[in-house]
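Reading through the structure tokens given below for one structure.
Letters A, B, ... mirror the listed sequences (proteins, then strands); counts begin at 1.
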Protein chains: 2
Amino acid sequence: MGLEERKKKEKEQRRKTILKAARKQFFEKGFNPVTVASIARKAELSKGTIYLYFKSKEEIYAQILLSDIDKFHERISSVFQEGKGASEMLLDFSDIYIDYFLADRELFRILMVFMLRNDSMDFSEELNNDLIRATNSTIDVIERIFRYGIDEGEFPPDINIRQGRNAIWGLLNGVISLHLFTGKESARERKIRSAVKVGLEGFIKGLTNVYVTDKKGFFEQM
Amino acid sequence: MGLEERKKKEKEQRRKTILKAARKQFFEKGFNPVTVASIARKAELSKGTIYLYFKSKEEIYAQILLSDIDKFHERISSVFQEGKGASEMLLDFSDIYIDYFLADRELFRILMVFMLRNDSMDFSEELNNDLIRATNSTIDVIERIFRYGIDEGEFPPDINIRQGRNAIWGLLNGVISLHLFTGKESARERKIRSAVKVGLEGFIKGLTNVYVTDKKGFFEQM
DNA sequence: TGAACTATGGTCAGTATATGACCGTTGGTC
DNA sequence: GACCAACGGTCATATACTGACCATAGTTCA
């Protein structure tokens with residue numbers, strides 16, 4: 001390890017410090033109520049220093065959110081594995097989806113707020129597009145599962161992919177939203193999982209019992 | 001925690017980085033063979049930066065050695081405890097002394113080299129005096145034990161304190177020196193401890209069996 | 001022996017990084 | 001619509017770091 005390397009590391013560390021301080025506040029209060037001064041204070045830096053690492057408050061927010069969504073997308077993409085059927089993938093997808101947002105409720109809340117087009121944050125067009133693209137990439141995963149299911153003959157070829165995709169997407173977000181910030185903490189996870197399970201199983205059964213006959217009691221195993 | 005506090009911490013951290021890099025090299029190679037450039041390299045800093053934290057190479061060495069000796073002195077001073085006899089203190093002292101230098105052989109070697117007046121390091125007079133004062137503080141601990149023993153009536157009041165002090169000091173250093181850098185690692189500690197024990201017990205017995213009669217088989221317990 | 005060379009402790013002008021007073025804008029108040 | 005407060009963003013200044021440079025003290029070799 002040399003001198004240049006050390007400096008690089010220190011810079012990266014400082015960047016992370018800022019992002020960490022900012023993330024906490026953004027996720028607690030939203031975009032506008034958080035000031036650059038408060039991020040600086042939390043990070044134990046001056047305001048000017050923040051602007052040495054990021055060119056605007058918006059860029060900080062963008063990097064946090066886009067990186068969070070990327071991580072999430074990476075995690076969710078792990079549903080694609082050799083030897084898995086499309087139905088199984090959909091169920092795994094929902095499991096991971098629920099797991100993830102149970103562990104990071106604030107991220108979920110923020111994504112929901114964003115998708116509900118609460119444009120009180122007046123982001124630049126670029127950031128808005130990036131965020132839309134990023135959130136869509138999650139929906140694309142569902143779509144890919146559907147296509148895979150059709151290609152493998154597990155799902156009927158004439159289903160409306162977009163409709164199915166939106167239904168599952170809506171089911172997940174709806175159920176999670178319904179329970180995540182209401183009701184008793186203790187019952188929350190169970191309620192979410194059982195509601196999604198019922199909805200998803202019904203959905204898949206509706207698709208598959210016409211064409212797929214050799215699933216060997218897949219749902220009975222659950 | 002605020003901004004000033006953070007900067008202070010970072011400065012202190014950098015100081016420690018330098019000292020750590022320097023200590024390793026000084027203890028491996030001695031004073032002269034270690035260059036400021038090599039310390040800087042190890043610490044992943046430029047040479048100039050070293051001089052922002054220390055005014056000379058000698059000061060670095062001094063701070064390391066004096067701080068090491070201070071720590072040692074603090075440790076060794078823990079022999080003074082309520083309800084202990086002077087003989088017990090001397091035995092505890094030797095235990096701690098041996099423990100310490102078994103764990104930090106290089107410090108022992110350096111102190112020995114220094115005390116043997118190997119003045120190949122041409123330190124400034126000030127540093128030399130500081131080092132002498134620091135090393136003497138250890139010897140003073142033995143002297144204090146002697147005085148305590150005399151005050152409490154455990155040791156005869158007419159013993160030559162300086163002579164006794166030097167004898168024990170010499171015994172410890174001699175035995176440790178003899179074994180520390182020779183012979184098999186496995187047998188080393190046992191040999192040192194038994195040699196010191198024999199010497200010290202004999203010494204104390206010679207002092208105490210005249211005056212102290214109620215020690216209740218102190219040595220038999222060992 | 002002494003000139004040339006080398007290695008090293010220490011310096012300092014130049015560069016990189018960090019700071020916070022300041023500016024223009026905006027949104028709220030009366 | 002004049003005032004104000006609060007904010008994002010800027011920039012002159014301050015702080016921290018760097019490495020080419022210097023003086024000197026050994027070392028080599030003609």
Would you tell me if any nitrogen or oxygen in the side chain of B/Thr49 comes within less than 4.0 Å of OP1 or OP2 on D/dC17? no
Whichever of A/Leu3 and A/Ala37 has its nearest DNA chain D nucleotide further upstream toward 5': A/Ala37
Going by an N to O cut-off under 4.0 Å, is there a salt bridge joining A/Arg133 and A/Asp70? no
Relative to the 5' end of DNA chain C, which residue comes earlier, A/Ile50 or A/Lys7, by the nucleotide with the nearest heavy atom? A/Lys7
Could you list where the contact with chain B starts and ends along DNA chain C, reading 5' to 3', using a 4.0 Å heavy-atom cut-off? C/dT8 to C/dG20
Whole-Å distance, A/Asn32 CG to D/dC7 C1', equals 10 Å
Please check if the distance between the ring centroids of A/Phe80 and A/Tyr148 is under 6.0 Å. no
Checking all strands, does A/Tyr53 fall into the base, sugar-phosphate, or nothing category for heavy-atom contacts under 4.0 angstrom? sugar-phosphate
Identify whether the distance between the nearest side-chain nitrogen and carboxylate oxygen of B/Arg188 and B/Glu185 falls below 4.0 Å. yes
Side-chain contact check for B/Lys47: nearest option of D/dA16, D/dG9, D/dC21 is D/dC21
Kindly say whether the aromatic ring centers of A/Tyr100 and A/Phe108 come within a distance under 6.0 Å. no
Return yes if a side-chain donor-acceptor contact under 3.5 Å exists between A/Arg23 and A/Gln63, otherwise no. no
Return the value, rounded to whole Å, for the distance between atom OH of B/Tyr51 and atom C1' of D/dG19. 13 Å
Result for 5'-nearest mapping on DNA chain D, choosing between A/Gly48 and A/Pro33, is A/Pro33
So with a 6.0 Å cut-off around CD of A/Glu12, is the heavy-atom count from everything else above 12? yes
